[in-house]
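We name chains A, B, ... by the order of the sequence lines, and we start the count at 1 in each one.
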Number of protein chains: 2
Amino acid sequence: MESVLNIKLSEKLYHRNPVETELGRKIISQSIELIHELGIEDFTFRKLALYMNTTEAGIYRYFENKYRLLTYLVDWYWSWLEFQISVRTKNLPDPETKIKKLIHLLGTPITDDVNTSYVDEKLLYEVVVREGVKTYLTKNVEEDNKANLFKPYKDLCKRIEAILLDYNSEYKYPRTLASTIIETGHFQSFFSLHLPGLTDLNGGKENTKVIRFLEDLVFSALSKK
Amino acid sequence: MESVLNIKLSEKLYHRNPVETELGRKIISQSIELIHELGIEDFTFRKLALYMNTTEAGIYRYFENKYRLLTYLVDWYWSWLEFQISVRTKNLPDPETKIKKLIHLLGTPITDDVNTSYVDEKLLYEVVVREGVKTYLTKNVEEDNKANLFKPYKDLCKRIEAILLDYNSEYKYPRTLASTIIETGHFQSFFSLHLPGLTDLNGGKENTKVIRFLEDLVFSALSKK
DNA sequence: CATGTAAAGATAGTAATACTATCATTTCAA
DNA sequence: TTGAAATGATAGTATTACTATCTTTACATG
């Protein structure tokens, strides 16, 4: 077994399942590196083929185009994160601690998970922060949504929603708050690194300040008046 | 005078100032339509030239590439919105009313402003919601930021920050909350239209539910404990 | 009225992108 | 040993993302 943790993703995402072959797994790991380096706009399958010493046609056998590949990577990340959250909050005593834990998990690029050999989670986290929204902010969202391409994201939102409701079952917008936490965590983390003028959260080590902001925001929203 | 309201944008955004010529203004109005129709990924200068019955080379004389044009449009929108907020909150009696007003302005695509002849604000609003973040979620953010390409966005955040502080001068994250309101407003509005599974805000007319969620979120965050 | 200049139109060309197709070779499993 | 699946090698096509050049139009000024 190459990987202890096996993440199953929709077959609509690929032509040939990349986790089943050597080349497929190499496409995953190397594309994370190259998208990280170039950004999705400048990233091409030709460049990836050169980068990993294979042929363009070979990559097209696995993925229809670079946006499908990106969606695959992002979906993989959401599934992995949901798994992390489920495992790491399971035995926590109360909902408050759970919420703190999950905000922490959302904001912290975890050091490379030894159970997933061909994915560098730290790098993937940065790719998801910068490129993730580009999977759904498109003209064909609805079509892609019908094909269930955003299921892992929805599942993650639902899990977070359940934890939020556990803390305050009266709260009116649990799912909205769930997606807000995820997206806000990402773009504030991006701002603090690259556009410091847009946030008060710079300077701190890692994302500690983003995490504190989110805690403040979430607990004030959830507290009953 | 074609346009009563004149918005001045950085010269780094264009080769030739589009507002000064007939063709330039036509590029603005028609590109909003075509980006709205195709999405920025499928939009090309060639298609735009065909669409507006001119030549590709002509468009390149105004804008370096489609992303610069997009940034121009988005910057225009932020400047226009900041102006709207400043005018429409100026004479309001108290900070609470001002905050409500600005959330309303952020969430509502205002019907076409008669003062800006060559821009359809409703259409532009939808373009900004779907494509806006793609101007800064790139590999070259920092470079573009140095060239001041995001100044209108920063100015808007600062204005919102000032209003938030007016309501509660003790609040620790006013600028972060400002950018959070803007971005959350956009993507929740997008979710409610295209990915209803991700939000509790569907069904309502226009963005009223998004607006109510934001009010709830902002006032809980700002209220002193 | 003549003339100069700025803008726009017309046309062409080039390197890179985004694919698809075909055929040969390797691998490994029955 | 044989056959299927995966990979590699090569080629080709339409489109994209530009740049360059030359002509025409418009209009402003002396």
Peer 1: For C:dA7 and B:Y62 - does any side-chain N or O of the residue sit under 4.0 Å from the phosphate oxygens OP1/OP2?
Peer 2: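 B:Y62 to C:dA7 OP1/OP2: no side-chain N or O under 4.0 Å.
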Peer 1: Check whether any side-chain heavy atom of B:S189 sits under 4.5 Å from a side-chain heavy atom of B:N207, and report yes or no.
Peer 2: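 B:S189 reaches B:N207 side chain to side chain.
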Peer 1: If you pin B:N65 and A:A57 to their nearest nucleotides in DNA chain D, which one's is more 5'?
Peer 2: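 Residue closer to the 5' terminus by nearest nucleotide: A:A57.
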Peer 1: Determine: side-chain N/O of B:T54 to OP1/OP2 of C:dG9, distance under 4.0 Å, yes or no.
Peer 2: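 For B:T54, the contact criterion (side-chain N or O under 4.0 Å from OP1 or OP2 of C:dG9) is met.
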Peer 1: Check for me whether A:R68 meets the cation-pi criterion with A:F63, that is, NZ or CZ under 6.0 Å from the six-membered ring centre and within 45 degrees of the ring axis.
Peer 2: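 The answer is no; the distance or angle limit is not met.
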Peer 1: Could you tell me whether A:Y67 contacts a base, only the sugar-phosphate backbone, or nothing, with contacts defined as non-hydrogen atoms closer than 4.0 Å?
Peer 2: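 Nothing, no heavy atom under 4.0 Å.
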Peer 1: Taking atom C1' of C:dT17 as reference, at what distance in whole Å does atom CG of A:L38 sit?
Peer 2: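 So the CG-C1' distance, A:L38 to C:dT17, works out to 14 Å.
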Peer 1: Mapping A:Y60 and B:R61 onto DNA chain C by nearest heavy atom, which one lands closer to the 5' end?
Peer 2: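 In this pair, the answer is B:R61.
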Peer 1: What is the distance, to the nearest angstrom, from the NE2 atom on B:H15 to the P atom on D:dA20?
Peer 2: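 It works out to 11 Å between those atoms.
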Peer 1: Nearest to the side chain of A:L23, heavy atoms from C-beta on, is which of C:dA18, D:dT21, D:dG8?
Peer 2: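 Closest nucleotide to the A:L23 side chain: D:dG8.
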Peer 1: Atom CG of A:L50 and atom C1' of D:dA9: how far apart are they, to the nearest Å?
Peer 2: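 Value for this atom pair: 14 Å.
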Peer 1: Kindly say if B:K26 contacts the phosphate of C:dA8, meaning a side-chain N or O under 4.0 Å from OP1 or OP2.
Peer 2: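 B:K26 to C:dA8 OP1/OP2: no side-chain N or O under 4.0 Å.
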Peer 1: Does the side chain of B:T138 come under 3.5 Å of the side chain of A:E41 through a donor N or O and an acceptor N or O?
Peer 2: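 Their side chains do not contain a donor-acceptor pair, so the 3.5 Å distance test is not met.
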Peer 1: Starting at atom CD1 of A:I59, determine the distance to atom C1' of D:dG8, rounded to an integer number of angstrom.
Peer 2: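 Distance, rounded to whole Å: 12 Å.
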Peer 1: Using a cut-off of less than 4.0 Å, is there contact between a side-chain N or O of A:T55 and OP1 or OP2 of D:dT7?
Peer 2: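 Checking A:T55 against D:dT7: no side-chain N or O falls below 4.0 Å of OP1 or OP2.
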Peer 1: Write down the distance between CG (B:D42) and P (D:dA14), rounded to a whole number of angstrom.
Peer 2: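 Taking atom P of D:dA14 as the reference, CG of B:D42 is at 19 Å.
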Peer 1: Assuming nearest nucleotide by heavy-atom distance, tell me which of A:E41 and B:T21 is located more 5' along DNA chain C.
Peer 2: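 By nearest-heavy-atom nucleotide position, the 5'-most residue is B:T21.
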Peer 1: Are B:Y136 and A:F191 close enough that their ring centers fall under 6.0 Å?
Peer 2: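 Yes, close enough.
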Peer 1: In whole Å, I'd like the distance from the NZ atom of A:K66 to the P atom of C:dT17.
Peer 2: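 From A:K66 NZ to C:dT17 P: 9 Å.
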Peer 1: Could you check how far CZ of B:F63 sits from P of D:dC18, rounded to whole Å?
Peer 2: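 B:F63 atom CZ is separated from D:dC18 atom P by 14 Å.
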Peer 1: For B:E56, answer base if it contacts any base atom (sugar-phosphate contacts may also be present), sugar-phosphate if it contacts only those atoms, and nothing otherwise; contact means non-hydrogen atoms under 4.0 Å.
Peer 2: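 Base: the residue B:E56, judged by heavy atoms under 4.0 Å, touches a nucleobase.
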Peer 1: Does D:dT16 have OP1 or OP2 under 4.0 Å away from a side-chain N or O of B:K47?
Peer 2: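 So the side-chain polar atoms of B:K47 do come within 4.0 Å of the phosphate oxygens OP1 or OP2 of D:dT16, strictly under.
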Peer 1: Between A:R130 and A:E126, does any NZ, NE, NH1 or NH2 come within less than 4.0 Å of an OD or OE carboxylate oxygen?
Peer 2: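 No salt bridge links A:E126 with A:R130.
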Peer 1: When you measure from the side-chain N and O atoms of B:R16 to the phosphate of C:dA8, is any distance below 4.0 Å, counting only OP1 and OP2?
Peer 2: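 B:R16 to C:dA8 OP1/OP2: side-chain N or O found under 4.0 Å.
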Peer 1: Just the rounded figure in Å: distance from C1' of C:dA15 to CZ of A:R46.
Peer 2: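 So the two atoms are 10 Å apart, to the nearest Å.
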